[in-house]
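Have a look at the structure below, then the notes.
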2 protein chains.
Amino acid sequence: MSRAETSRRGSRPGRAGIRDVAAAAGVSITTVSDALNGKGRLPDATRRHVREVADRLGYRPSAAARTLRTGKSGLIGLTVTTYGDEPFTFTEFAYFAEMARAATSAALARGYALVILPATSRHDVWSNVALDGTVVIDPSDQDPVVSELVRQGLPVVSDGRPAGSLPVTAWVDNDHEAAVLGILDHLADAGARRIGLLTGTSTDTYTHLSTTAYLRWCERVGQDPVYEAYPAHDPCAGAVAADRLLARPDRPDAVYGLFDPNGTDLLAAARRYGLRVPDDLLLVCCSESTMYASTEPPVTTLSLKPRRIGTAVVQLLIDAIEGVESEQPVEQVIPTELIVRTSSQRRSPRTTVSPPRTPDDR
Amino acid sequence: MSRAETSRRGSRPGRAGIRDVAAAAGVSITTVSDALNGKGRLPDATRRHVREVADRLGYRPSAAARTLRTGKSGLIGLTVTTYGDEPFTFTEFAYFAEMARAATSAALARGYALVILPATSRHDVWSNVALDGTVVIDPSDQDPVVSELVRQGLPVVSDGRPAGSLPVTAWVDNDHEAAVLGILDHLADAGARRIGLLTGTSTDTYTHLSTTAYLRWCERVGQDPVYEAYPAHDPCAGAVAADRLLARPDRPDAVYGLFDPNGTDLLAAARRYGLRVPDDLLLVCCSESTMYASTEPPVTTLSLKPRRIGTAVVQLLIDAIEGVESEQPVEQVIPTELIVRTSSQRRSPRTTVSPPRTPDDR
DNA sequence: CACCTTGGGAGGCACGTTTCTGCATGGCCA
DNA sequence: TGGCCATGCAGAAACGTGCCTCCCAAGGTG
C-alpha cells in the first residue's frame, strides 16, 4: 500500500496529519517533525518549505499524540476542596477567583493551560485528563488526592501549609498568625478596648490558625475572648452571626471578621444597633473586594494577596515539572497587606475618599 | 522478546500499563480493556478478577493514549477575550467568575473538565491541548479563533449572540434590550423624570446593545439622553465617570450603571454632592454581587444570571459533542432578574433589611 | 586510493490504548 | 454426524507523534 493511500484512509477530511504534510512537501515524517520543532540538522530552505506546506494544509499537531509520545501534556490541575456540589465555597469565592485567575495567567505565560478539578470529583474525570502536575488549595491532613498524585510521581504544590506530613513538592502560604496579630495591634492602637472576632466553624487551616492566634493574643493582653463562629459556607449565617456578636452583653468595640462578606454584614448590624463606625465600633475584615473602598464608611481590609499566591504556586509547580531547581525556596510565605481605611481609624478620620486602588499587585 | 520483558522495559517504576495488568492477571490486553470498560462478552468472574488485579497494581489508564485512540479528550475550552495581559477584565470579573464556576460544575457533572484559554493566547498553548469543543464568551465579529475551531470540525457554543455570520453551533444570551427597557420603566414608575446612564466606551455587544436601547427609550419618551461613557476595563475611571455624571448641570434624578462597581461609585459620588438615595437620586446597577444587599442604602441590581448561562452553554456544547440532538433550541435566551432594593423605590422605602439571598439560581 | 567527517535526510520503533477480526470450544438441533 | 451459533477470549492493527538509528553523498586528508 502506498503512503498516499495510507494517509488518505486514516484521516478525516478536516484534519491533516504529519504524514500528509510529509507527502505534500515531498519529504519524510522525520523531516517534517524536525523542521516544525526546530530540531535536527536541516538547511533553512527545507525548514521554510516544510513550514509553508504545513501552513497551507492547516496542519495542527495532535496534542494527544504528542502527549503520549513525550509524556508531557502541558496541563496542570487546580484542585479545590468542595463544600456541597460546588467547586468552591461562597465565602472563599473572591479569594479563589482571584487566585485562579492569577494562576491561569501565570500558567499560560509559561505555555501551560490550567484545569480546575474538585478534589472529590468523579474518578473518571481525574483519569481522563493527563496532568503534568497539580496545585492543591488548602489540602486536608492525609488528603487522598495528594497521596495518589505523588504516588504517580507527579509534582504537587500546595496553597496553604500542608497539614501533617503531606508529601507536597512545595507550598506557598501567608503568615496568618502574624496577620491576625497585626490587625489586633492595629485596632488596639486605634483605641479598641475589647476586640471581637467573627470566625468560622469549619476546621480548615486558615480558620484554625487565625482563631488560635486571636485567642493567644487575648490571653497575652488579658482580654476575655469575644467571638462568634458560624458555618462560613452558608451565606446567610454570616449576617446572623454579625448581629449576634453586636447583641452580646459584652459587646466589643472593635471587630475583625475572617471572611469576605463580614464587612458589609457588620456594617448593617451596626446600623441596626445605632452604632457609628468608626466612632462606636472599629471594623476590619479579610477581603479581596475593592468595594470596601467606597462603602460608608470605607472598611479596612486585610488582603491575602491571592494574585501573588496564585502566581507563586504555579511558578513553583512548573519549575518542578521542568526539573528546574528553583532559586526560590520550596516554602514561600507571601506577606499580607492591611489596607487601612476609615473604619479602623478613630483619630483623624479621613474625609476624603481613599484613592481607587490599582488592579496590579493585589 | 517475551511480553514481560517488553512491559518491563517501557514503563517507569511508578506507572503500571495495561500490559502489566494483563500479564499479572494472566489474560490478554483485550480482556483487560473490555473488563475495565464494561464491554465485550466476559463472565463476571473474569471481570472481577481483572478489576481486582488492576486495583492492586494501582493501574490508571493513560488519558493521552485513550484520547489518541478514541479522538475524545473529555476537555472543553472556555475562551475569554483579553484586555491587556489578564484573562478577563476587571469589570466583568464577578460575572465571569460566576459563569466560569457554573460552567466548571456543569462540565464536571457530565464527566468533562474545563480549560480556560484566552483568545489571544500563544499559539502553542492552543495546539498543546486536545479539546472536544469550546465555549467562547462574547466573540467579536469574524473572530479568528472561532473560525479556526469550526474549520477543525469542533463544536463552538457562544455566550453572547454572535455578531455577523459567525458560524457557532449554538449560543446563549440575555435579552439586553428588554432588560434595559425594563429598568428604565421601573425607574420612571418610581418617579424618575430624567434618567442617566453610566456606560462604557468599548464596542462589545453588551455595551452597544444596552446603550442603543437607552437612546431609543429616551427618544420614545422624549427625554434628552444624559450619559457618561468611560473605559470599563479601567477600575479607576468608573469613580470619575460617576462623579462627572452627577456634576452635570442637567443632573439626572435616576441613574442606571452598566457595570458592577458603578453602584458603590455612584453611592459615593451621591454622598459627595449631598444627594440622598433614593430620595434625591434613584439608583440601579448591573451586578452579581450580593454586597449590594447590605450597602447603605441597599442597591437595586440587575443580575444577568451568569450561573444559568454558564450551565446552559456547557450543556449545549456537550450535547453537540456527543451528537445528542438537544431538545433545547440552539439559541437560548436567559431571562435577567431585577432585584429591587431600596435605592430604586421612592415610595414606601423598606426599612427592614432585605433578606439574604440564597446562593442558588443566581 | 582508502578513510574519516559532516551535512541532509529516510526508516522504523515506541508511547498505551481501543477495537475489529478471528479462533477455539462446546452445546444444540436436524 | 455435521453444521451452526453462542461464548470466551487472543492477535494485531491502528491513532499521530518524537526520536534513535542508520544510510548516502560530498568533501577533506593521509
Side-chain angles (χ1 to χ4, degrees), chain A residues 1 3 5-12 14-23 25-50 54 57 59-74 124 127-130 152, chain B residues 1 3 5-12 14-23 25-50 54 57 59-74 124 127-130 152:
Chain A
M1 193 187 298
R3 182 183 307 149
E5 263 180 302
T6 308
S7 69
R8 204 160 281 138
R9 177 166 49 75
S11 55
R12 279 182 223 67
R15 299 274 305 188
I18 197 175
R19 283 192 311 276
D20 305 289
V21 177
V27 295
S28 76
I29 296 179
T30 305
T31 304
V32 174
S33 177
D34 285 348
L36 296 182
N37 295 333
K39 303 193 172 177
R41 317 171 288 201
L42 296 179
D44 282 353
T46 307
R47 236 176 258 278
R48 263 178 288 126
H49 175 58
V50 169
L57 296 186
Y59 167 69
R60 296 279 171 268
S62 153
R66 172 173 294 171
T67 299
L68 177 60
R69 184 58 235 248
T70 62
K72 296 294 169 201
S73 67
D124 55 346
S127 61
N128 258 335
V129 41
Q152 291 181 25
Chain B
M1 193 187 298
R3 183 181 306 147
E5 264 180 302
T6 308
S7 69
R8 204 160 283 138
R9 177 167 48 76
S11 54
R12 279 180 222 66
R15 299 273 306 187
I18 197 174
R19 282 191 313 274
D20 306 289
V21 177
V27 295
S28 75
I29 295 179
T30 306
T31 304
V32 175
S33 177
D34 284 347
L36 295 181
N37 295 332
K39 302 193 173 179
R41 313 170 294 206
L42 297 178
D44 281 354
T46 307
R47 232 175 262 279
R48 262 178 289 128
H49 175 57
V50 169
L57 296 186
Y59 167 69
R60 296 279 172 265
S62 151
R66 174 174 292 170
T67 299
L68 178 60
R69 183 59 232 239
T70 63
K72 297 293 168 199
S73 66
D124 55 346
S127 61
N128 258 337
V129 42
Q152 291 182 24

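Lettering of chains follows the sequences in order, A, B, ..., and the numbering in each one begins at 1.
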For this session: Answer with yes or no whether A/Thr30 presents, from its side chain, a donor or acceptor under 3.5 Å of a partner atom in the base of D/dG18.
Result: no

For this session: Heavy atoms only: give me the nearest A/Val27-A/Val50 pair and the separation to one decimal.
Result: CG2-CG2, 4.2 Å

For this session: Round to the nearest Å and state the distance from B/His49 atom NE2 to D/dG8 atom P.
Result: 16 Å

Exercise. A/Arg66 has an atom CZ; how far is it from atom C1' of C/dA14, in whole Å?
Worked result: 17 Å

Exercise. Can you check whether A/Thr70 has a side-chain N or O nearer than 4.0 Å to OP1 or OP2 of D/dG18?
Worked result: no

For this session: Select base, sugar-phosphate, or nothing to describe what A/Leu42 touches, counting heavy atoms under 4.0 Å on all strands.
Result: sugar-phosphate

Exercise. What is the distance from NZ of B/Lys39 to P of C/dT21, rounded to the nearest Å?
Worked result: 15 Å

For this session: Locate the shortest heavy-atom distance separating A/Ala64 from B/Ala130; write the atom from each residue and the value.
Result: N-CB, 4.4 Å

Problem set entry | Rounded distance (Å) that lies between atom P of C/dC13 and atom CD1 of A/Ile29 | 13 Å

Exercise. Side chain of B/Asn37, backbone of B/Asp34: donor and acceptor closer than 3.5 Å?
Worked result: no

Exercise. Rounded to the nearest Å, what distance is computed from the CG atom of residue A/Leu57 to the P atom of nucleotide D/dG16?
Worked result: 15 Å

Seminar exercise, completed: Closest of C/dT18, C/dG9, D/dG8 to the A/Pro43 side chain is C/dG9

Exercise. Any donor-acceptor pair under 3.5 Å between the side chain of B/Arg41 and the base of D/dA6?
Worked result: no

For this session: Answer with base, sugar-phosphate or nothing: what part of the nucleic acid does B/Thr31 contact at a heavy-atom distance below 4.0 Å?
Result: sugar-phosphate

For this session: Considering non-hydrogen atoms only, spot the tightest contact between A/Arg47 and A/Arg41 and give its length.
Result: NH2-C, 4.4 Å

For this session: Using whole Å, report how far CG of A/Asp20 lies from C1' of D/dC15.
Result: 13 Å

For this session: Assign each of B/Thr46 and B/Leu68 to its nearest nucleotide of DNA chain D by heavy atoms, then name whichever residue's nucleotide is nearer the 5' end.
Result: B/Thr46

Problem set entry | B/Arg19 CZ to C/dC15 C1', straight-line distance once rounded to whole Å | 9 Å

Problem set entry | Expected output: side-chain A/Thr70 to main-chain A/Arg66 donor-acceptor under 3.5 Å | yes

For this session: For A/Arg47, answer base if it contacts any base atom (sugar-phosphate contacts may also be present), sugar-phosphate if it contacts only those atoms, and nothing otherwise; contact means non-hydrogen atoms under 4.0 Å.
Result: nothing

Exercise. Which nucleotide in the list D/dA10, C/dA10, C/dT17 gets nearest to the side chain of A/Ser28?
Worked result: C/dA10

Exercise. When all nucleic acid strands are considered with a 4.0 Å heavy-atom cut-off, which category describes A/Asp34: base, sugar-phosphate, or nothing?
Worked result: nothing

For this session: State which of D/dA10, C/dA10, C/dC15 makes the closest approach to the side chain of A/Arg69.
Result: C/dC15

